[in-house]
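FYI, side chains are in, hydrogens and waters are out, and symmetry mates aren't considered; it's all heavy atoms of this structure.
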Amino acid sequence: MTAKLPDGSALELGEGATGADAAAAIGPRLASDALAVKVDGELCDLSAPLPDGAEIEIVTPGSEPEALWLLRHDAAHVMATAVLDLWPGTKVSIGPPIEDGFYYDFEFPDGFRPSEADLERIEERMAAHIEADEPFERAEASADEAIERFGSEGQPYKVELIEDLKADEGVETVSLYRNGPFLDLCRGPHGPSTGRIKAFKLSSVAGAYWRGDEARQMLTRIYGTAFFSKRELEEHLERLAEARARDHRRLGPELGLFTLRPESPGMPFWLPQGTVLLRLIEGRVREQLAARGYVEIKTPQVLDEELWRRSGHWDNFREEMFFTEAAHRERGADRRFALKPMNCPGACLVYASERRSYRDLPLRLAEFGLVSRNEREGVLHGLLRVRAFTQDDGHVYCTPDQITEEVESICEAIDELYARFGFEQVRVELSTRPDKSIGSDEQWGRAESALREVLERQHRDYEVSPGEGTFYGPKIDFHITDALGRSWQCGTCQLDFQFPERFDLAYQGADNAEHRPVMIHRALLGSMERFVGILIEHHAGRFPVWLAPVQAVVLPVADRHGGYAAEVAAELAEAGVRCRVDARSESVGKKIHDAEVAKCPYMLVVGDREQDARAASVRSHEEGDLGQMAIGGLAAHLAAAAS
RNA sequence: GCCGGCGUAGCUCAGCUGGUAGAGCACUUCACUCGUAAUGAAGGGGUCCCCGGUUCGAAUCCGGGCGCCGGCUCCA
């Protein structure tokens with residue numbers, strides 16, 4: 001028999017040869033490195049016989065991403081093995097590899113819950129199984145035999161999995177993998193043996209519902225990660241440490257940007273410096289609004305409950321809305337109000353506040369709108385998941401013919417804005433019609449092709465997420481990648497045919513008849529609060545000069561230089577530099593220390609020498625001591641750094 | 001909401017098995033007037049998250065609540 005190799009050459013093998021045989025035939029080094037084999041693109045065990053004429057590719061530790069996926073899946077099995085060693089009677093469920101690691105969900109006997117300290121014991125047992133280099137052995141069994149077997153071993157989750165496989169997919173034969181004492185139901189494939197796991201670490205214990213269903217049993221999930229080398233594991237742990245060091249929840253309050261208080265969980269308090277930052281960001285957004293024909297509006301925070309029934313939020317969103325407790329007795333009826341969770345109904349009321357002509361369209365309404373959503377307590381996370389946030393929202397009302405042009409303008413606005421913030425890598429995702437949706441096929445077809453047309457015309461790489469659109473229309477989402485390589489969804493552009501219907505919006509056409517406008521919801525940054533959180537972590541709190549709330553701090557060497565320091569500060573402020581004087585009776589060293597900790601970009605030391613020369617000695621946070629500069633030149637230098 | 005962990009001064013944290021609280025930073029005052037990452041001294045500051053229980057006695061043990069942290073699609 002023969003196998004085709006990736007370079008196109010053919011490899012002659014004996015009858016019934018396996019992936020391992022193929023690797024051995026190529027070379028001893030490959031044979032010892034081999035983990036698995038890709039047969040016609042499908043990942044298989046090395047021990048599986050190869051079909052004649054297949055295209056094969058030997059998977060080694062260098063094969064991305066399959067190799068790590070395989071290794072971590074192996075590690076999950078080893079962890080389950082260790083857990084069963086330590087706590088016999090534990091019920092096992094599933095243990096897949098995930099991005100950055102793996103997990104396994106268990107139900108421990110007698111309501112036992114392992115603590116973080118128990119993780120070390122599990123790690124020790126895992127190390128023993130890895131040391132023993134136990135092979136992964138594949139076996140097959142009929143579904144009924146396997147049910148019988150796992151049933152008698154007291155493994156109800158495995159039984160349920162097989163029963164569902166039988167019922168849903170008509171599976172009759174299942175595969176089983178053994179490593180050491182542990183036999184698991186598993187589709188595979190696996191690496192040759194446990195010894196391939198050169199470095200691993202268990203990270204945390206968490207609760208997770210059986211099959212992600214809140215109505216079902218809560219299992220104990222143990223997370224971990226594994227690598228082919230200690231070095232890679234260390235690098236991974238360093239990345240985690242770096243992410244912790246950049247945590248905006250720590251840096252934000254430390255830098256005087258915002259604070260979070262128990263009195264209002266999930267609703268940030270913006271401190272003076274943070275408010276400056278918000279204003280600066282808003283300024284960049286307003287540049288785009290001005291350039292693209294938007295008009296800015298403000299709509300009320302609290303609106304009649306009836307409006308939310310009309311908008312559909314009552315049906316789809318009620319659980320996450322805040323309602324006013326007091327009933328307001330007005331015009332003889334009890335009225336209840338709700339805090340707005342979205343800005344669109346308000347924008348629609350603005351649209352409907354006067355008769356619109358086709359000559360008014362497209363009408364582009366922008367709003368920095370504060371929305372409140374009663375998110376479940378457990379999901380709150382610093383600025384990244386909050387209960388009140390400001391959307392840089394916009395609603396464009398246009399004719400169907402204008403959709404393409406409007407979407408194009410929105411995409412360009414997003415590009416330009418992200419570039420201003422230094423985010424060059426932008427991922428674009430097109431989400432199409434979901435199962436549950438409203439509107440005609442014709443509307444959806446036209447909307448989706450309009451979005452596609454814009455993406456194609458702008459030569460963008462984009463992914464399609466079928467069925468991930470909103471129920472009222474397809475959308476394009478924009479994800480930015482931060483300095484740590486993490487991806488954040490920010491901008492969005494959604495077509496909507498529902499709101500104009502529900503709010504009976506109309507415009508008078510050139511034909512003198514009434515027509516229904518199309519509505520586009522769009523946000524460039526998404527949530528201002530969340531974007532600040534992303535910026536803090538992206539820059540590790542060291543904002544570029546143009547974004548730094550305080551760009552320069554003037555440090556008088558002794559009290560007698562206070563007057564001159566104030567003059568310098570005034571002159572810089574005149575030139576548009578955000579600057580402060582540190583007039584405390586402290587040593588220069590102390591003032592520099594504090595300014596460095598505050599991550600202030602420029603420190604301007606002024607003493608006798610500078611006062612005589614009408615100058616300042618400049619120290620940059622990034623570059624250190626830059627020497628003495630005359631005040632006039634200084635303002636120019638800072639202005640240049642800030643652009 | 002659910003599972004696990006945590007909650008001591010503004011912040012970071014000590015406080016062994018129950019005997020009514022401590023450090024560093026920050027803050028206030030005083031002295032020092034200083035040249036590129038922390039000058040020194042003194043002082044103020046606590047409902048040990050809240051409510052209940054056990055106990056002669058609770059920051060500590062038990063129950064409930066609140067808040068914070070890590071998770072809760074990943075289908076053998």
Considering only the P atoms, how many Å lie between G65(B) and A42(B), rounded to the nearest integer?
47 Å
Option passing side chain to side chain donor-acceptor pair (under 3.5 Å) with N179(A) (candidates D74(A), T81(A), D184(A)):
T81(A)
What integer distance in Å separates D100(A):CG from G71(B):P?
11 Å
Tell me whether the rings of F108(A) and W87(A) are parallel (<30°), tilted (30 to 60°) or perpendicular (>60°).
perpendicular
I'd like to know if E596(A) and R619(A) make a salt bridge, using a cut-off of under 4.0 Å between side-chain N and carboxylate O.
yes
Select base, sugar-phosphate, or nothing to describe what Y223(A) touches, counting heavy atoms under 4.0 Å on all strands.
sugar-phosphate
Could you measure between the two C1' atoms, the one in A9(B) and the one in U28(B), and give it in whole Å?
15 Å
RNA chain B contacts among residues 77-93 of chain A, heavy-atom distance under 4.0 Å:
none
Reckon R619(A) touches a base, only the sugar-phosphate, or nothing at all at heavy-atom distances under 4.0 Å?
base
Write down the distance between OH (Y103(A)) and P (G70(B)), rounded to a whole number of angstrom.
19 Å
Counting only Watson-Crick pairs (N1-N3 plus N6-O4 or O6-N4) and G-U wobbles (N1-O2, O6-N3), all under 3.5 Å, who is the partner of U60(B)?
none
Compute the centroid of each ring, for F323(A) and then for W314(A), and state whether the two points are separated by less than 6.0 Å.
yes
Whole-Å P distance, C69(B) and C11(B):
14 Å
How long is the gap from CD on E375(A) to CG on L380(A), to the nearest 0.5 Å?
7.0 Å
What is the pairing partner of G45(B), taking Watson-Crick or G-U wobble pairs with both distances under 3.5 Å in any strand?
none
Between A38(B) atom C1' and D582(A) atom CG, what is the distance in whole Å?
13 Å
G40(B) -> Watson-Crick or G-U wobble partner, both distances under 3.5 Å, gives C30(B)
Round to the nearest Å and state the distance from R249(A) atom CZ to C6(B) atom C1'.
14 Å
May I ask which nucleotide in the shown strands pairs with G35(B), Watson-Crick or G-U wobble, both distances under 3.5 Å?
none
Please work out whether the ring planes of Y104(A) and F182(A) are parallel, tilted or perpendicular, with thresholds of 30° and 60°.
perpendicular
Under 3.5 Å donor-acceptor pair, E610(A) side-chain atoms to G35(B) base atoms
yes
Nearest whole Å is fine: how far is U12(B) C1' from E254(A) CD?
10 Å
Just say parallel, tilted or perpendicular for the rings of H73(A) and H190(A), cut-offs at 30° and 60°.
tilted
For G52(B) versus C48(B), give the span between their P atoms, rounded off to a whole number of Å.
13 Å
Just how far, in rounded Å, is C1' of C69(B) from CZ of R250(A)?
15 Å
Under 4.0 Å between a Lys/Arg side-chain N and an Asp/Glu carboxylate O for D144(A) and K166(A)?
yes
OP1 or OP2 of U39(B) sitting under 4.0 Å from any side-chain N/O of S587(A)?
yes
Take atom C1' in C16(B) and the same atom in A59(B), then report the distance between them in whole Å.
14 Å
With a distance cut-off below 6.0 Å to the six-membered ring centre and an angular limit of 45° from the axis, does R221(A) pair with Y103(A) as a cation-pi contact?
yes
Please figure out whether D184(A) or R261(A) has its closest RNA chain B nucleotide nearer the 5' end.
R261(A)
Figure out the CD/P separation between Q217(A) and C75(B), and round it to whole Å.
21 Å
Need one value for V171(A): base, sugar-phosphate or nothing, where a base atom within 4.0 Å counts as base even if backbone is also close, heavy atoms only.
nothing
P atoms of U8(B) and C74(B), separation to the nearest Å:
35 Å
F227(A) six-ring face occupied by R72(A) cation (under 6.0 Å, within 45°)
yes
Is G22(B) paired to anything, Watson-Crick or G-U wobble with both distances less than 3.5 Å, and if yes, which nucleotide?
C13(B)
With both distances under 3.5 angstrom, what nucleotide forms a Watson-Crick or G-U wobble pair with C74(B)?
none
For G67(B), what is the paired nucleotide under Watson-Crick or G-U wobble rules, both distances under 3.5 Å?
C6(B)
Could you check how far NE2 of H593(A) sits from P of U39(B), rounded to whole Å?
9 Å
Pick the nucleotide of RNA chain B nearest each of V605(A) and L219(A); which residue has the one closer to the 5' end?
L219(A)
Salt bridge (charged side-chain N to carboxylate O under 4.0 Å, His left out) filter on D608(A), not counting sequence neighbours, yields R560(A)
With C1' as the reference atom in both, quote the distance from G64(B) to G57(B) in angstrom, rounded to an integer.
23 Å
Within residues 548-565 of chain A, the residues having a heavy atom closer than 4.0 Å to RNA chain B are V557(A), A558(A), D559(A), R560(A)
Before accepting this row, confirm whether a basic side-chain N of the pair R121(A)/E123(A) lies closer than 4.0 Å to the acidic partner's carboxylate O.
no
Using atom P of each nucleotide, how far apart are U39(B) and A26(B) to the nearest Å?
9 Å
Watson-Crick or G-U counterpart of U55(B), or none if no pair lies under 3.5 Å:
none
